Amino acid sequence: MLTGMPRRASGLVLLAWFCFLCRAGWHAALLPLWEGFDEWAHVAYIQRLAAGQGLPLPGQTRISREVRASLGVTPMPAVPLSTPHHTHGEYWRLPPAERAEMRSRLTTIPRNWALQEDPAGELNYEAQQPPLYYFILAPIERVFAPLPLPDRVLALRLVGVLLASLVVPLTCAAIRTPAGSVPAAAGAALVAAMPLPAMTASRVGNDALSMVLFAALLWVLARAGPQAGFRHAFAAGVLLGAGLLTKAYFLTAIPALATLYGWRLVRRPGRRAAAAAQAAVLFGTAGLLSFWWYWRSFRLTGSWSGLQQTAGQSSSIADLLQQALHVNWPRFAEISFRTHLWIGHWSFLQLRAWMYGVFAVLYLLAAAGLLLLWLRRRKLHQTTGWRDLGAAALIWAWFWVGLAYHEVTFARLGLSSSAGWYAVAVISAETVLLSAGWAALVRGRLWFLAVAAALFALLDLYATNFLLIPYYTGLIAHEPSGRLASFHLSQLAGGGAALFFGRAGGILPLPLNVTLWCLHAAATIALPLVALKAARSNPR
């Protein structure tokens, strides 16, 4: 991925990669047990495979005795569970002795309970998920089996961090193809500075692997020019198949790739046979790898995607279009953007409204830049150099079409999802588009990328230190009105600093927590400087 780059540029990319590891590593240590989206269900899935019990069955398989026992003795987000549990606010209002007793019970849950399904436990709704991510993590669960549950979960998170960190060099490689080494280094710093990739990497869940597979697919497509052979088509097919075995939202890549190859068939009459054959290799390879899973889902649930909200429902286009008319699309767009930019895990903590507004302006400027770039190239009759942007735009756009479909399926049940955090899976494509759009506004110079990286870094520093840590350590809580109290630096006096660092994560000792916090802060501050260094080195 970094071969052939100048030493200065490759050094900047490696530094951005290391900064991402520091940032995501702190988030993994900070995140309370089960605070990640559906994390307890993902871990129960891994435990089942590690125990050799086979794939879970949707609507039938329940979580392990160990996971169920843990739900009642650790602070939880306010989610509907049949198992009695305490929310974060309730937990920190308990007497210290009772909290200490709960922590002791958590770390002394019998290890063999991880191997036993609890007949009275929660149904594991993540049984709908394809199995590749869980197969990868199952050996890690077996290796760390002697450790208490919180330590094992931290180990799984850190493996996920290492895996997800590949999104940084892969994004660099996707940008580098058309833009050169230095702009690629700025793009690597940008994706490393964004809050949601690091936060997604920090929890146990298959989105971390999805980020990497989408980035790798984009890289292959960016390298596969008009003369690309079957090698690229086969590589794309393997990545598509692996993605389909990771998460069902990879189905959105199928129409994106079909559109891309369809365009080649129309625009290059002399190479139609080769393009058709390469498309057959791509989709045939992906189908051979993944079709078995989707056939299994259809047999078990009546839905090809396996989504629990679509099981047993009519999926005709007419029904979907009819339901789409009843969706509040402006509100869907607003909430999806907000939750895609930053969302405080399963407790759904939110930033101040004006902060989302600042980044909305940034994204609109990128869209304007892309439009300007298209108009310039059209005026000059430029037909080359669009392969990377076209692939990124198709992957990104079709993914959001999939999110809209996801919203419609929830609307049929009288619910709303607006789960914009899923779009972190295509963060590599988004970074390519943002980088191109901002660079177009300033005639190829990269200072705008450095400014954007700085704003993302400031956002992460604020959200981590004034929302996440104070909330997870009990320094702030929701008021009776539902509003989250504000954190003030004055609260660090009189022993508040010890609570700030000592309670964070609840697993690591205080000196190690402080060290990781320092690494996170230094890495977050360094990323805008990396982008600025790349901007100053840009020859344009």
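The model shown is predicted, which means the values in this text are computed figures rather than measured ones. All values below come from the heavy atoms of this structure, side chains included, with hydrogens, waters and symmetry mates left out.
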Ile476/Ser486 under side-chain contact (heavy atoms from CB on, under 4.5 Å): CA gap, chis, key distance, verdict
CA-CA 7 Å; Ile476 60 175; Ser486 298; over 6 Å; no
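- Annotation: side chain of His340 is in contact with side chain of Ile427 (closest heavy-atom distance under 4.5 Å).
- Atom CZ of Arg142 sits in a crowded spot, with more than 12 heavy atoms from other residues, nucleotides or ligands closer than 6.0 Å.
- Using modelled atom types and a 3.5 Å distance limit, the side chains of Ser165 and Trp17 yield a donor-acceptor pair.
- With hydrogens and angles left out, the side-chain atoms of Tyr134 and Gln47 include no donor and acceptor closer than 3.5 Å.
- Checking side-chain atoms of Ser435 against main-chain N and O of Val432 turns up no donor-acceptor pair under 3.5 Å.
- Not a single donor-acceptor pair under 3.5 Å links the side chain of Arg203 to the backbone N or O of Gly36.
- Residue Ala454 comes nearest to Pro528 through the heavy atom pair CA-CG, 3.5 Å, listed as atom of the first residue, atom of the second, then distance.
- At a cut-off of 3.5 Å, with distance as the only test, a side-chain donor of Tyr125 or Asp38 sits close to an acceptor on the other residue.
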- [ ] Could you walk me through whether Arg157 and Glu39 pass the salt bridge (charged side-chain N to carboxylate O under 4.0 Å, His left out) test, one step at a time?
- [x] CA-CA 10 Å; Arg157 288 175 178 174; Glu39 190 176 44; 2.8 Å; yes
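- Phe337 and Phe359 have their aromatic ring centers separated by at least 6.0 angstrom.
- Thr339 contributes a side-chain N or O that, together with a main-chain N or O of Ser336, makes up a donor-acceptor pair within less than 3.5 Å.
- In this structure a side-chain-to-backbone donor-acceptor pair under 3.5 Å is missing from Trp92 to Pro75.
- Considering only heavy atoms from C-beta on, Thr431 comes within 4.5 Å of Met194 through its side chain.
- Residue Ala436 comes nearest to Leu389 through the heavy atom pair CB-CD2, 3.5 Å, listed as atom of the first residue, atom of the second, then distance.
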Apply ring-ring contact (aromatic ring centres under 6.0 Å, His included) to Phe487 and Tyr471, showing your working.
CA-CA 9 Å; Phe487 174 72; Tyr471 182 73; over 10 Å; no
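- Within 6.0 Å of the CZ atom in Phe18, the count of heavy atoms belonging to other residues, nucleotides or ligands does not exceed 12.
- Counting heavy atoms of neighbouring residues, nucleotides and ligands inside a 6.0 Å radius, atom CZ of Arg231 does not exceed 12 of them.
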Assess whether side-chain contact (heavy atoms from CB on, under 4.5 Å) is satisfied between Thr252 and Val426, documenting all intermediate values.
CA-CA 11 Å; Thr252 62; Val426 290; over 6 Å; no
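- Paired with Tyr45 under the rule side-chain contact (heavy atoms from CB on, under 4.5 Å), one option of Asn206, Leu137, Leu55 passes, and it is Leu55.
- In this structure, Ser104 contributes its side chain and Ala100 its backbone to no donor-acceptor pair below 3.5 Å.
- Between Phe348 and Trp421, the distance from one ring center to the other falls under 6.0 angstrom.
- The side-chain heavy atoms of Tyr422 and Lys247, taken from C-beta on, include a pair separated by under 4.5 Å.
- Salt-bridge formation is detected for the pair Glu66/Arg152: a Lys NZ or Arg NE/NH1/NH2 atom is positioned less than 4.0 Å from an Asp or Glu carboxylate oxygen.
- With hydrogens and angles ignored, the 3.5 Å screen pairs a side-chain donor or acceptor of Arg111 with a backbone N or O of Leu147.
- Looking at heavy atoms from C-beta onward, Leu349 lies in side-chain contact with Trp342 at the 4.5 angstrom threshold.
- For the residue pair Gln129 and His42, no side-chain donor N or O sits within less than 3.5 Å of a side-chain acceptor on the partner.
- For Trp293, the CH2 atom counts as densely surrounded, since its 6.0 Å shell holds more than 12 non-hydrogen atoms of other residues, nucleotides or ligands.
- Aromatic ring pairs are classed by plane angle as parallel below 30°, tilted from 30° to 60° and perpendicular above 60°; the pair Phe37 and His345 is tilted.
- Counted within 6.0 Å of OH on Tyr356, heavy atoms from surrounding residues, nucleotides or ligands total more than 12; the atom is thus considered enclosed.
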| field | Trace of the ring-ring contact (aromatic ring centres under 6.0 Å, His included) decision for His27 with His520 | value | CA-CA 9 Å; His27 277 287; His520 170 269; 5.3 Å; yes
Q.
Let's go through Leu459 and Leu341 carefully: what are the C-alpha distance in whole Å and the side-chain angles of both, what is the deciding distance for side-chain contact (heavy atoms from CB on, under 4.5 Å) to 0.1 Å, and is it a yes or a no?
A. CA-CA 10 Å; Leu459 173 66; Leu341 179 65; 4.3 Å; yes
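- Residues Glu430 and Ile395 are not in side-chain contact: their nearest non-hydrogen atoms beyond the backbone lie 4.5 Å or more apart.
- The backbone N or O of Pro197 lies less than 3.5 Å from no partner atom in the side chain of Thr200, so there is not a single donor-acceptor pair.
- Between the side chains of Asn465 and Trp517, at least one donor N or O sits under 3.5 Å from an acceptor N or O.
- Side-chain contact between Tyr472 and Arg503: absent, with no pair of heavy atoms (C-beta onward) separated by less than 4.5 Å.
- Between Thr74 and Pro32, the closest side-chain pair of non-hydrogen atoms is not below 4.5 Å.
- The aromatic rings of Trp400 and Trp396 sit tilted relative to each other, their planes meeting at an angle between 30° and 60°.
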| message | Pair Trp34, Val153 - check side-chain contact (heavy atoms from CB on, under 4.5 Å), show working. | response | CA-CA 9 Å; Trp34 309 147; Val153 171; 3.9 Å; yes
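- Judged purely by atom type and a 3.5 angstrom limit, Asn124 has no side-chain atom pairing as donor or acceptor with the backbone of Ile63.
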